[in-house]
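As the structure is a prediction and not an experimental result, all values here were calculated from the model. The sequence lines fix the lettering, A, B, ..., with proteins before strands; numbering per chain opens at 1.
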Number of protein chains: 2
Amino acid sequence: MALRVVKEAEQEVPVIGDRNLRGFVGYSLKRAYHLIQADAMRVLDPLGLRISTYSALAVICDNPDLRQSQLAEILSIERSNTVVIIDALEQPGLIARHRVPNDRRSYALRATPQGRRLHKEATRVLEAHENRLLTALSAEERQLMIDLLRRIDGSAFSEQGAADHPEGGHRHERPD
Amino acid sequence: MALRVVKEAEQEVPVIGDRNLRGFVGYSLKRAYHLIQADAMRVLDPLGLRISTYSALAVICDNPDLRQSQLAEILSIERSNTVVIIDALEQPGLIARHRVPNDRRSYALRATPQGRRLHKEATRVLEAHENRLLTALSAEERQLMIDLLRRIDGSAFSEQGAADHPEGGHRHERPD
DNA sequence: TATTGTTATACTCTATAACTATA
DNA sequence: TATAGTTATAGAGTATAACAATA
């Protein structure tokens, strides 16, 4: 009994927690993204897809004859990282790399019928997943969220003063 | 000239892009998070911090004598992953592991004066970073965004019907 | 038995540099 | 020379299982 009193005394439950971190959009973004991403991975796994391969498959289905570098630009990933993703989609026959007559450097990516079928099924699965995870938000709030996120994303290409500093693209200005 | 015409004809600029993916909150979340995270890493680097170590330092500063397992719970990370983070903070003397008299298994984490100083500076740097990246959003919209994200996060612990199933915490119910 | 911290390991996503073959 | 695809490699974050010390 005395032991229990001591235990409670030393436990000293923190009342602050991460309250101050919550003031950062980035921190709240990270937590929400992690939850959704983990569940998305879980529901895609039985279909043999990961988030990256589903995203690529979706873009390829919607943009026939896309080239890999265009895919990279659309998804904002590095060209080099598209290779393994494309490989993972081509191997099970979900997409195919077709040669382009006029430019033998590039491939025209096209989804196969199986790829389109799997894309449809995965999309249904993901919609159910979001409906399950986002019950706390109304349809309007979900759209509002997407719009706000889109504005963060879009502002990356026109930051404050970008027009005044035409040199632009100064990413790594290590001060050392 | 003829070559240029052919080139334009084959280029076939995609007009869809990721439009369908944009309908997923998870996708927009991922893109926005990635932008913010990359810039946060960049501005924290000169201070010798990463996002994970800054977050841990912030929580430790705000919750003196925190134990590592409590830190893990607050940040929603695995206990095992706190070890390397704590090490990275203890090594340069930003925090200290103090022994707890009543429980020799656990440590009481406390920030040093240097740790508190660096935390303050890093917080200023991160606030500037968010102000720079989130110019597209008003202060009210930023708070709205945080609130919406918090509701996604919070709903993880009280999904639909959770009140009816007091066992709670059923995270990985693999259907296989 | 249960819990705290720990180690080891693996997986996902991302970033960079350098190479090849074409243009 | 510039571009498309590729390879190799590294880093950050996360997840799981198993262990020793302690409760």
field: Any side-chain heavy-atom pair of A:Ile85 and A:Ile77 under 4.5 Å
entry: yes
query: So do A:Thr82 and A:Leu75 actually touch side chain to side chain, heavy atoms under 4.5 Å?
result: no
Spacing between [X] atom [atom1] and [N] atom [atom2], to the nearest angstrom:
X	N	atom1	atom2	result
A:Ile36	D:dT14	CD1	C1'	17 Å
B:Asp39	C:dA15	CG	P	12 Å
A:Arg42	D:dT14	CZ	C1'	17 Å
A:Asn102	C:dA23	CG	P	9 Å
A:Ile85	C:dA15	CD1	C1'	13 Å
A:Leu35	D:dT14	CG	P	11 Å

message: Run the salt bridge (charged side-chain N to carboxylate O under 4.0 Å, His left out) test against B:Arg22 and tell me which residues pass, sequence neighbours left out.
response: A:Asp153, B:Asp18
Say you draw a straight line from [atom1] of [X] to [atom2] of [Y]; how long is it, rounded to the nearest 0.5 Å?
X	Y	atom1	atom2	answer
A:Cys61	A:Lys120	SG	NZ	10.0 Å
A:Leu29	B:Glu130	CG	CD	9.0 Å
B:Met145	B:Arg150	CE	CZ	16.0 Å

Dump every N/O contact between nucleotides 3-6 of chain C and the protein below 3.5 Å, one line per pair.
unit_1 : atom_1 : unit_2   : atom_2 : d
C:dT3  : O4'    : B:Arg105 : NH1    : 3.4
C:dT3  : O2     : B:Arg105 : NH1    : 2.8
C:dT4  : OP1    : B:Arg67  : NH1    : 3.4
C:dG5  : OP1    : B:Gln68  : N      : 3.1
C:dG5  : OP1    : B:Tyr107 : N      : 3.3
C:dG5  : OP2    : B:Ser69  : N      : 2.7
C:dG5  : OP2    : B:Ser69  : OG     : 3.1
C:dT6  : OP1    : B:Arg97  : NH1    : 3.2
C:dT6  : OP2    : B:Gln68  : OE1    : 3.0
C:dT6  : OP2    : B:Gln68  : NE2    : 2.9
C:dT6  : OP2    : B:Arg97  : NH1    : 2.7

- request: Compare every heavy atom of A:Leu57 with every heavy atom of A:Gly115, then report the nearest pair and how far apart it is.
  value: O-CD2, 3.7 Å
- prompt: What are the residues of residues 121-130 of chain A, sorted by number, that bring a heavy atom to within less than 4.0 Å of DNA chain D?
  reply: none
- prompt: Please walk me through it: do A:Arg50 and A:Tyr54 pass side chain to side chain donor-acceptor pair (under 3.5 Å)?
  reply: CA-CA 6 Å; A:Arg50 289 166 301 156; A:Tyr54 169 78; over 6 Å; no
- request: If a pair satisfies salt bridge (Lys or Arg N to Asp or Glu O under 4.0 Å) and one of its residues is in residues 77-87 of chain A, list it, with sequence neighbours excluded.
  value: A:Asp87-A:Arg97
- prompt: Are B:Met41 and A:Leu21 grouped together when hydrophobic residues (ILVMFWY) are joined by side-chain heavy atoms under 4.5 angstrom apart?
  reply: yes
field: Net bend of the helix from C:dT1-D:dA23 to C:dA23-D:dT1, end axes of five pairs each, nearest 10 degrees
entry: 10°
- prompt: Between B:Glu127 and B:Asn131, is a side chain to side chain donor-acceptor pair (under 3.5 Å) present by the stated rule, with each step listed?
  reply: CA-CA 6 Å; B:Glu127 282 165 353; B:Asn131 287 336; over 6 Å; no
message: If we check side-chain contact (heavy atoms from CB on, under 4.5 Å) with B:Leu109, which of these qualifies: B:Gln68, B:Glu90, B:His98, B:Gln70?
response: B:Gln68
What pairs of nitrogen or oxygen atoms, one from the protein and one from nucleotides 10-13 of chain D, lie under 3.5 Å apart?
unit_1 : atom_1 : unit_2  : atom_2 : d
D:dG13 : OP1    : B:Ser52 : N      : 3.3
D:dG13 : OP2    : B:Arg50 : NH1    : 3.3
D:dG13 : OP2    : B:Ser52 : OG     : 2.9

query: Which residue, A:Val84 or A:Pro101, contacts DNA chain C at a nucleotide closer to its 5' end, judged by nearest heavy atom?
result: A:Val84
task: Take B:Arg110 and B:Asn63 through the test side chain to side chain donor-acceptor pair (under 3.5 Å) and record every step on the way to the result.
output: CA-CA 8 Å; B:Arg110 235 175 294 155; B:Asn63 302 275; over 6 Å; no
query: Would you say a side-chain N or O of B:His34 is under 4.0 Å from OP1 or OP2 of C:dT12?
result: no
